[in-house]
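Step one of this worksheet: look at the structure below.
Please read these numbers as outputs of a predicted model, since none were measured by experiment.
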Amino acid sequence: MQYTLTLHNNVQEVPQLASFIETVAAENNLDHSLTMELNLAVEEAVVNVMEYAYPQGVTGDVTIEVSVDDGQLDINIIDSGMPFDPTGKSDPDTSLSVEERSVGGLGIFLVRQLMDTVSYHRTDNKNILTFTKKINQ
């Protein structure tokens, strides 16, 4: 099954994202805890795109593509903003206090904890962040 949602880079549109993920989960009989993990991971990535991919004042889109096939869920988050590979960031040192840590990196760290794989590539001037998660249907 394939699902697609396109949002503008406006955080006011984020509630549509939760509805989209919940629809995917319901149609594929995913359990509540997995649905919550997917919502958290996808929202974290999409909000980062909305806030940082496009220069201030520039309107752009972020497209979320979800496919469910053979016990695996694949999510692509696609934008045509500035090139940025969030997977290139090393994990933050969570043993340090908040004051001692450098800013950034917690979002992709969270996504890595929740998903089975996370990858990035840039094709046709588009950033494509891909998550995979094994699922039991």
Side-chain angles (χ1 to χ4, degrees):
M1 298 186 85
Q2 301 265 54
Y3 305 85
T4 303
L5 174 68
T6 299
L7 303 173
H8 298 293
N9 61 325
N10 179 340
V11 293
Q12 299 296 320
E13 295 191 13
V14 170
Q16 294 176 55
L17 183 58
S19 296
F20 172 73
I21 295 297
E22 288 166 15
T23 297
V24 171
E27 290 183 7
N28 290 279
N29 301 313
L30 303 181
D31 68 38
H32 180 71
S33 86
L34 177 56
T35 303
M36 297 300 289
E37 288 178 1
L38 294 172
N39 256 324
L40 185 57
V42 173
E43 182 177 318
E44 178 62 38
V46 168
V47 168
N48 279 340
V49 169
M50 288 178 169
E51 292 183 345
Y52 302 112
Y54 299 96
Q56 189 160 351
V58 174
T59 302
D61 291 331
V62 55
T63 299
I64 303 91
E65 298 176 343
V66 179
S67 63
V68 181
D69 188 34
D70 200 25
Q72 182 168 299
L73 188 133
D74 296 301
I75 301 169
N76 291 314
I77 299 171
I78 304 162
D79 70 84
S80 55
M82 296 178 288
F84 179 69
D85 178 0
T87 66
K89 288 199 75 83
S90 57
D91 288 344
D93 183 349
T94 56
S95 68
L96 297 174
S97 71
V98 173
E99 295 81 21
E100 294 174 308
R101 281 187 227 148
S102 59
V103 175
L106 284 175
I108 193 65
F109 174 74
L110 174 67
V111 170
R112 284 181 181 136
Q113 299 304 305
L114 296 172
M115 298 294 109
D116 293 323
T117 65
V118 179
S119 63
Y120 167 87
H121 66 278
R122 185 157 174 96
T123 303
D124 298 327
N125 293 319
K126 294 182 188 237
N127 296 303
I128 304 170
L129 184 62
T130 301
F131 309 155
T132 62
K133 184 74 174 177
K134 291 185 186 348
I135 57 173
N136 297 322
Q137 292 179 286

(message) So, taking the atom named CE in M1 and the one named CG in N28, what distance separates them when rounded to the nearest 0.5 Å?
(response) 5.5 Å

(request) Please determine which of D79, V62, T59, V49 meets the side-chain contact (heavy atoms from CB on, under 4.5 Å) test together with N9. (result) T59

(request) Give the minimum heavy-atom separation between M82 and Y52, together with the two atoms involved. (result) CE-O, 3.2 Å

(message) Using every non-hydrogen atom in the two residues, find where A25 and T35 come nearest and quote the distance to one decimal.
(response) CB-OG1, 3.1 Å

(message) Test: salt bridge (Lys or Arg N to Asp or Glu O under 4.0 Å). Region: residues 28-37. Which pairs qualify, not counting sequence neighbours?
(response) E37-K133

(message) Side-chain heavy atoms under 4.5 Å apart, restricted to Ile/Leu/Val/Met/Phe/Trp/Tyr: what other residues fall into the cluster of V58, or is it alone?
(response) Y54

(request) May I ask you to test the L5-T63 pair for a side-chain heavy-atom distance under 4.5 Å? (result) no

(request) Could you list all the salt bridge (Lys or Arg N to Asp or Glu O under 4.0 Å) pairs where at least one residue sits in residues 49-58, not counting sequence neighbours? (result) none

(request) Begin from the C-alpha positions of L30 and L73 and carry the test side-chain contact (heavy atoms from CB on, under 4.5 Å) through to its verdict. (result) CA-CA 10 Å; L30 303 181; L73 188 133; 3.9 Å; yes

(message) Let me check something: do I75 and I135 share a hydrophobic cluster, defined by ILVMFWY side-chain heavy atoms less than 4.5 Å apart, either directly or through other members?
(response) yes

(message) Go through it in stages, so that I can follow the logic: the residues are Q2 and V66, the test is side-chain contact (heavy atoms from CB on, under 4.5 Å), and I'd like the CA-CA distance, side-chain angles, deciding distance and then a yes or no.
(response) CA-CA 6 Å; Q2 301 265 54; V66 179; over 6 Å; no

What side-chain donor-acceptor pairs closer than 3.5 Å can you find for residues 12-21, not counting sequence neighbours?
unit_1 : atom_1 : unit_2 : atom_2 : d
E13    : OE1    : H8     : N      : 2.9

(request) Decide side-chain contact (heavy atoms from CB on, under 4.5 Å) for L7 and M50; before the verdict, give the C-alpha distance in whole Å, the side-chain angles of both, and the deciding distance to 0.1 Å. (result) CA-CA 9 Å; L7 303 173; M50 288 178 169; 3.8 Å; yes

(message) Tell me the closest heavy-atom pair linking R122 and G81, and the distance in Å.
(response) NH1-O, 3.2 Å

(message) Please determine whether the number of non-hydrogen atoms from other residues, nucleotides or ligands lying under 6.0 Å from atom CE of M36 exceeds 12.
(response) no

(request) Would you please name every residue forming a side-chain contact (heavy atoms from CB on, under 4.5 Å) with N76, sequence neighbours left out? (result) E65, I78, I128, T130

(message) Going by the rule side-chain contact (heavy atoms from CB on, under 4.5 Å), which residues pair with A45 if we only count those two or more places apart in sequence or in a different chain?
(response) I77, L129, F131

(message) Assigning hydrophobic clusters by single linkage (Ile, Leu, Val, Met, Phe, Trp, Tyr; side-chain heavy-atom cutoff under 4.5 Å), is V11 placed with V46?
(response) yes

(request) Go through the steps to decide whether V68 and D74 satisfy the test side-chain contact (heavy atoms from CB on, under 4.5 Å), and finish with yes or no. (result) CA-CA 6 Å; V68 181; D74 296 301; over 6 Å; no

